[in-house]
Amino acid sequence: MQEFPGEFSLVAEEDSNDLRKDGGGEIVERITKLVNESLTSDGSYGVSLSSEDILKAIDSGKSEGGSQGRHWVLDPIDGTKGFVKGDQYAVALALLDRGNVVLGVLACPNLPLTSISFAHPHSPNNEVGCLFFAEVGRGTYMQPLDGSSTVKVQVSAVENPEEASFFESYEAAHSMHDLSSLIAQKLGVKAAPIRMDSQVKYGALSRGDGAIYLRFPRNGYREKIWDHAAGSIVVTEAGGVVTDAAGKQLDFSKGKYLDLDTGIIVSNQKLMPLLFDAVRASLAQKSKPQP
């Protein structure tokens with residue numbers, strides 16, 4: 001807010017309703033203390049916020065977004081179940097400028113600093129915590145959360161689908177695992193899927209941990225922009241491609257929801273044509289009446 005006064009609105013998943021209920025006072029006090037400690041340690045902001053300031057800031061995220069102006073898009077805990085389990089989750093922030101994602105940041109506190117795989121989804125030496133950030137036209141970078149050295153990252157250069165591995169969601173509502181398996185089969189992918197919560201999958205894919213991300217929610221599920229805005233630019237600026245099942249770029253200019261054809265597919269530029277063909281064939285096969 002201080003960096004762009006009067007120039008933006010905030011689109012966010014959460015509001016302060018639960019915090020304002022009876023019993024929420026202690027949590028609000030803890031949040032207020034943490035925010036003020038962070039502001040003090042940074043040294044750039046000579047302000048101290050009250051609990052009511054914090055609650056009002058949370059409620060500022062009621063914008064509908066859209067194609068006009070600038071909008072910050074925030075998901076403070078993307079992957080709630082992963083967070084509760086002590087597994088993968090992300091803090092996701094993106095900036096929309098007239099409906100286009102121009103900046104994205106993914107903080108992934110439990111993501112290993114080294115590459116993950118189906119066989120080794122966790123860090124063997126407990127070195128975890130990654131920050132991914134991307135600005136349109138400037139690439140994608142990864143930095144450990146301790147603030148040490150930053151490196152530029154690139155998506156996997158794998159061209160042979162048999163050598164590729166793919167990500168999908170744990171949540172069955174977020175990804176039809178049977179459809180993903182059929183697509184992988186048609187591609188010739190041999191590796192088992194890596195299933196994780198949240199946009200951490202975008203971050204991991206941007207540095208080449210896997211080559212494909214498949215997301216095909218159940219009928220009736222509506223994708224929200226805060227679940228994909230930051231992750232999409234992190235991948236595209238790392239050289240990847242993010243589209244819906246029809247091959248169209250994700251459109252963040254329509255408000256809080258994405259209008260999609262069936263699902264979201266992510267890969268590198270070499271694999272994308274093969275992936276798209278496999279998706280199209282698999283969807284056609286699934287739509288045929290069963291004998």
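Count residues from 1 along the sequence.
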From CA spacing to verdict: side-chain contact (heavy atoms from CB on, under 4.5 Å), Val153, Val151: CA-CA 6 Å; Val153 296; Val151 295; 4.3 Å; yes
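- Identified under the side chain to side chain donor-acceptor pair (under 3.5 Å) test for residues 233-252, with sequence neighbours left out: Asp251-Ser253.
- Annotation: side chain of Gln285 is in contact with side chain of Leu182 (closest heavy-atom distance under 4.5 Å).
- Residue pairs meeting the side chain to side chain donor-acceptor pair (under 3.5 Å) criterion with at least one member in residues 76-85, sequence neighbours excluded, are Asp78-Gln199, Lys81-Glu171.
- Looking at residues two or more places apart in sequence or on another chain, you find a ring pair (Phe, Tyr, Trp, His ring centres under 6.0 Å) between Tyr213 and Tyr202.
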Please list, one pair per line, the donor and acceptor atoms closer than 3.5 Å that link side chains of residues 21-36 to other protein atoms, with sequence neighbours excluded.
| from | atom 1 | to | atom 2 | distance (Å) |
| --- | --- | --- | --- | --- |
| Lys21 | NZ | Asp18 | OD1 | 3.2 |
| Thr32 | OG1 | Val28 | O | 2.8 |
| Thr32 | OG1 | Ser51 | OG | 3.2 |
| Asn36 | OD1 | Leu49 | N | 2.8 |
| Asn36 | ND2 | Thr32 | O | 3.2 |
| Asn36 | ND2 | Leu49 | O | 2.9 |

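- Shown here for Ser282 and Lys186, the closest heavy-atom pair between the two residues is OG-CD, 3.2 Å.
- Every residue two or more places apart in sequence or in another chain was checked for a side-chain contact (heavy atoms from CB on, under 4.5 Å) with Ser181, and none qualifies.
- Under the rule for a salt bridge (charged side-chain N to carboxylate O under 4.0 Å, His left out), the partners of Asp178 that lie at least two apart in sequence or sit in another chain are Lys286.
- Leu187 approaches Ala278 most closely through the heavy-atom pair CG-CB, 3.8 Å.
- The minimum heavy-atom distance linking Ser165 with Ile194 is given by the pair OG-CD1, 4.5 Å.
- Here the closest non-hydrogen pair linking Thr140 and Ala238 is OG1-N, 3.3 Å.
- Minimum interatomic distance between Ala92 and Leu106 (heavy atoms only, all atoms of both residues): CB-CD2, 3.6 Å.
- Phe132 places a side-chain heavy atom less than 4.5 Å from the side chain of Leu111.
- Taking 4.5 Å as the limit, every side-chain heavy atom of Leu39 sits out of range of all side-chain heavy atoms of Ser48.
- Applying the side chain to side chain donor-acceptor pair (under 3.5 Å) test to residues at least two apart or on different chains, the pairs with a partner in residues 268-280 are Asp277-Arg280.
- By the side-chain contact (heavy atoms from CB on, under 4.5 Å) test, Pro144 pairs with Leu113, Asp146, Ser148, sequence neighbours left out.
- Contact of the Ile265 side chain with the Ile212 side chain is not registered, since no non-hydrogen atoms from C-beta on lie closer than 4.5 Å.
- Applying the salt bridge (charged side-chain N to carboxylate O under 4.0 Å, His left out) rule to Glu64 yields the partners Lys256; only residues at least two apart in sequence or on another chain are considered.
- Taking the side chain as every heavy atom from C-beta outward, Tyr257 and Glu223 never approach each other to under 4.5 Å.
- Two residues are said to be in side-chain contact when any heavy atoms from C-beta on lie closer than 4.5 Å; His228 and Leu258 meet this criterion.
- Within 6.0 Å of CZ on Arg20 lie more than 12 heavy atoms contributed by other residues, nucleotides or ligands.
- Two residues are said to be in side-chain contact when any heavy atoms from C-beta on lie closer than 4.5 Å; Phe216 and Leu260 fail this criterion.
- In this view, Tyr89 and Phe83 satisfy the ring pair (Phe, Tyr, Trp, His ring centres under 6.0 Å) rule, not counting sequence neighbours.
- Judged as a salt bridge (Lys or Arg N to Asp or Glu O under 4.0 Å), the pairs with a partner in residues 149-170 (not counting sequence neighbours) are, in order, Glu162-Lys190, Glu168-Arg195.
- When side chains are defined from C-beta on, Ser9 does not count as touching Arg70, because their heavy atoms never get closer than 4.5 Å.
- Checking Leu214, Val200, Val266, Asp209 one by one against Phe167, the side-chain contact (heavy atoms from CB on, under 4.5 Å) holds for a single residue, Asp209.
- Looking at every heavy atom in both residues, Val73 comes nearest to Trp226 through CG1-CA, 3.5 Å.
- Every residue two or more places apart in sequence or in another chain that forms a ring pair (Phe, Tyr, Trp, His ring centres under 6.0 Å) with Tyr141 is listed here: Phe133.
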